[in-house]
Amino acid sequence: MIHQIDTTDNIVAFRALAEVTKEDFQTVVVPAVEKLINQTNEINFLLVLDTDIQNFTAGAWLQDAMLGIKHLGKWNRAAIVSDSEEIISFTNGFSYVVPGEFRGFRKAAFNKALNWVEGNIN
């Protein structure tokens with residue numbers, strides 16, 4: 001399940017809990033990202049992982065990949081918040097292979113992640 005987190009108008013933010021499905025992406029993530037692109041012409045994205053990465057279904061991964069590819073040139077900043085060193089390292093490496101800046105943050109640094117995605121800090 002994915003819930004949208006209320007934030008400023010220049011970003012979209014989500015919290016993933018328990019099992020994350022294709023339908024979660026289709027009904028929560030995709031519409032919010034599309035709306036943000038229509039308003040700002042870029043994607044500033046934050047995802048807090050309060051579930052294990054293994055709880056993402058194959059359909060969820062496919063929807064995530066399709067969203068990323070469809071809007072490849074629109075990514076500005078994306079933060080993944082997790083206490084998994086593997087996820088943080090993977091996220092940090094993403095900036096080297098796709099447009100935009102990607103950073104991983106620990107859960108204790110949630111406010112820093114949010115401020116970074118909002119563009120308030122470098």
Which pair of non-hydrogen atoms, one from D9 and one from L36, has the smallest distance, and what is that distance?
O-CD1, 3.5 Å
Please answer whether the main-chain N or O of T51 pairs with a side-chain N or O of N55 as donor and acceptor at a distance below 3.5 Å.
no
Parallel, tilted or perpendicular: which one describes the rings of F45 and W75, with boundaries at 30° and 60°?
perpendicular
Between CD1 on residue I80 and CD1 on residue I88, distance to nearest 0.5 Å
10.5 Å
When rounded to the nearest 0.5 Å, the distance separating CG of N111 from CZ of F105 is 11.0 Å
With no hydrogens and no angle check, just 3.5 Å: does a side-chain donor-acceptor pair link D24 and T21?
yes
So, taking the atom named CD1 in I2 and the one named CG in L47, what distance separates them when rounded to the nearest 0.5 Å?
6.5 Å
Under 3.5 Å side-chain donor-acceptor pair for S84 and E86
yes
For the atom pair CD1 (I11) and CG (N76), what is the distance rounded to the nearest 0.5 Å?
11.5 Å
How far apart are the closest heavy atoms of P31 and Q26, and which atoms are they?
CD-O, 3.3 Å
Using modelled atom types and a 3.5 Å cut-off, is there a donor and acceptor pairing between side-chain atoms of K107 and backbone atoms of L49?
yes
Search all heavy atoms of W116 against all heavy atoms of R103 and return the closest pair with its distance.
NE1-NH1, 3.0 Å
To check you understand the geometry: which heavy-atom pair defines the closest contact between Q4 and V12, and what is its length?
NE2-CG1, 4.1 Å
Flag side-chain contact, heavy atom, 4.5 Å: I37 against E42
no
Distance in Å, F25 CZ paired with E23 CD, rounded so as to fall on 0.5 Å steps
11.5 Å
For residues N92 and G104, report the shortest heavy-atom separation together with the two atoms involved.
OD1-N, 2.7 Å
Would you confirm whether N44, through its side chain, and N10, through its main-chain N or O, come within 3.5 Å as a donor-acceptor pair?
yes
Short question: side chain of D50, backbone of L17 - any donor-acceptor pair under 3.5 Å?
no
If you compare all heavy atoms of T7 against all heavy atoms of A13, which two are closest, and at what distance to 0.1 Å?
CG2-CB, 3.6 Å
Trace of the salt bridge (charged side-chain N to carboxylate O under 4.0 Å, His left out) decision for R77 with E101:
CA-CA 5 Å; R77 286 188 168 182; E101 295 179 79; 3.3 Å; yes
Does R106 form a salt bridge (charged side-chain N to carboxylate O under 4.0 Å, His left out) with E85? I'd like the steps, not just the answer.
CA-CA 8 Å; R106 291 199 154 279; E85 281 302 321; 2.5 Å; yes
From NZ (K112) to CG (N120), nearest 0.5 Å:
13.5 Å
Can you confirm whether more than 12 heavy atoms, excluding those of F110, are under 6.0 Å from its CZ atom?
yes
